[in-house]
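Here the structure is laid out as structure tokens; the discussion comes afterwards.
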Amino acid sequence: MTDTRTTVVVITHNRRSELLRTLDRLAELPERPPVIVTDNASTDGTASAVARHHPEVKLLRPGRNLGAVGRNLAVRQVRTPYVAFCDDDSWWAPGSLSGAADLLDRYPAVGTVTARILVEPDGTEDPIVKELRDSAVPRPDWLPGPALGSFLAAATVLRADAFRAAGGFHPRLWLGGEEELLAADLAAAGWWLTYADDLTIHHHPSVVRDPTLRRAHGIRNTLWFTWLRRPAGPALRRTLHLARTVPRDTASLRAFAEAAAALPWVLRERRVLPPEVEARLRSLEPAQRDSKARSYTG
């Protein structure tokens, strides 16, 4: 069942054991996809362990922690039409990469396909899955699944050329909600984003993480995206909503301070989305207000 249409890209930083487990699972896939790993300056022996246990994997070592931009670096090396992202603590289920490639082959206006996420070790659905499945974004009749306003990098297959043309992940966002800006730019370029319930990725959350820092980056990046792409009214509403709902703690204060300090470059790069794309994002606002899966309060 070897499938030459999709390359898997993984970024990692100091999660050697989790990464090796993921690479073991990817090596077992019937599709036998090529795999590229960007090691974001790990100091735990990750690079040597990958070279020893998975010599077939292309290993990139930029020498510093690039965050999500490590994916950009890897996509430059991709020679297949499609690229599948997963994290070092997640892996694709057998047949799902081929299923996503089939959808992208069949629907040339679809730019991204996001899979159902099962949380291990119990195999329960991630809470975000219900939001993806019940997305309020208006969809054309031909779209094979729900239309999305954004995607989850750890569970999505994309057209490599569309990713490159959109510029990949913005270098200033690093990690934490970095997908939202790229997703909007893909939509502005005419691509549709969809969810496919019959595709699966497994996520076994790593214990090696800093949830407070990730939350701060998520708030900051949401503000930056809002100011970079949304019209003045919606941008103000979303900013005020975040200010009212995030915890009154150091992480939130840091996020707002970092976001505000960046206003000079944000205003220089500001480019409001086309009305049809903005309308899709407005349709998601009620769900975003009520979201538990993507809340910044935890």
With rounding to the nearest 0.5 Å, note down the distance linking [atom1] in [X] to [atom2] in [Y].
| X | Y | atom1 | atom2 | answer |
| --- | --- | --- | --- | --- |
| Trp192 | Leu148 | CH2 | CG | 10.5 Å |
| Glu269 | Leu228 | CD | CG | 6.5 Å |
| Arg244 | Thr239 | CZ | OG1 | 10.5 Å |
| Arg229 | Glu278 | CZ | CD | 12.0 Å |
| Lys130 | Asp134 | NZ | CG | 4.0 Å |
| Asp39 | Thr46 | CG | OG1 | 5.5 Å |

Would you say [X] and [Y] make side-chain contact, with heavy atoms under 4.5 Å?
| X | Y | value |
| --- | --- | --- |
| Val246 | Phe256 | yes |
| Cys86 | Leu26 | yes |
| Trp174 | Asn221 | no |
| Leu284 | Ser135 | yes |
| Leu173 | Phe225 | no |

Can [Y] be reached from [X] by stepping across I, L, V, M, F, W or Y side chains whose heavy atoms are under 4.5 Å apart?
| X | Y | result |
| --- | --- | --- |
| Leu143 | Leu186 | yes |
| Val57 | Val83 | yes |
| Val129 | Leu118 | no |
| Val37 | Leu73 | yes |
| Val119 | Leu132 | no |

For [X] and [Y], work out which heavy atoms get closest and say how close.
| X | Y | answer |
| --- | --- | --- |
| Leu103 | Ala196 | CD1-CB, 3.9 Å |
| Ala74 | Val9 | CB-CG1, 3.6 Å |
| Gly149 | Leu281 | O-CD2, 4.1 Å |
| Gly67 | Asn40 | O-ND2, 3.3 Å |
| Pro146 | Thr194 | O-OG1, 2.9 Å |
| Gly168 | Leu182 | O-CD1, 3.6 Å |

Counting distance only, does the side-chain N/O of [X] pair as donor-acceptor with the main-chain N or O of [Y] below 3.5 Å?
| X | Y | answer |
| --- | --- | --- |
| Arg16 | Asn14 | no |
| Arg270 | Arg230 | yes |
| Arg214 | Leu175 | no |
| Glu31 | Gly95 | yes |
| Ser42 | Asp44 | no |
| Asn72 | Phe169 | yes |
| Asp88 | Glu18 | no |
| Ser252 | Arg248 | no |
| Thr22 | Ser90 | yes |

Does [atom1] belonging to [X] count more than 12 external heavy atoms closer than 6.0 Å?
| X | atom1 | value |
| --- | --- | --- |
| Arg61 | CZ | no |
| Arg32 | CZ | no |
| Arg64 | CZ | no |

Any Lys/Arg nitrogen of [X] or [Y] sitting under 4.0 Å from an Asp/Glu carboxylate oxygen of the other?
| X | Y | value |
| --- | --- | --- |
| Arg133 | Glu125 | yes |
| Asp161 | Arg164 | yes |
| Glu178 | Arg71 | yes |

Partners meeting side chain to side chain contact (heavy atoms under 4.5 Å, CB included) with [X] (sequence neighbours left out):
| X | answer |
| --- | --- |
| Ala251 | Thr212, Arg215, Ala216, Asp249 |
| Ser17 | none |
| Ala84 | Thr6, Val8, Trp92, Leu97, Val157 |
| Gln77 | Ile36, Lys58, Leu60 |

Parallel, tilted or perpendicular: which describes the rings of Trp91 and His202, with under 30° parallel and over 60° perpendicular?
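Ring orientation, 0 to 90° scale: parallel.
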[Y] versus [X], side-chain donor and acceptor atoms under 3.5 Å:
| X | Y | answer |
| --- | --- | --- |
| His241 | Glu285 | no |
| Asp89 | Ser206 | no |
| Thr156 | Thr112 | no |

Can you tell me which residue among Ile11, Val75, Ile201, Val10 is in a side chain to side chain contact (heavy atoms under 4.5 Å, CB included) with Phe85?
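When side chain to side chain contact (heavy atoms under 4.5 Å, CB included) is applied between Phe85 and each of Ile11, Val75, Ile201, Val10, only Val75 qualifies.
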Starting from Leu236 and following side-chain heavy-atom contacts under 4.5 Å between hydrophobic residues (I, L, V, M, F, W, Y), which residues can be reached?
Leu240
Would Glu258 and Arg254 count as a salt bridge (Lys or Arg N to Asp or Glu O under 4.0 Å) here? Give the steps.
CA-CA 6 Å; Glu258 287 186 8; Arg254 172 183 173 181; 2.9 Å; yes
For His170 together with Trp265, are the ring centres under 6.0 Å from each other?
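That pair passes the under 6.0 Å test.
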Run Trp142 and Val110 through side chain to side chain contact (heavy atoms under 4.5 Å, CB included) and show every step you take.
CA-CA 10 Å; Trp142 58 263; Val110 171; 3.8 Å; yes
Within 45° cone and under 6.0 Å: Arg159 NZ/CZ vs Trp191 ring:
no
Please list all pairs passing the side-chain hydrogen bond (donor to acceptor under 3.5 Å, both in side chains) test where one or both residues lie in residues 98-107, with sequence neighbours left out.
Asp3-Ser98, Arg5-Asp102, Arg5-Asp105, Tyr82-Asp105
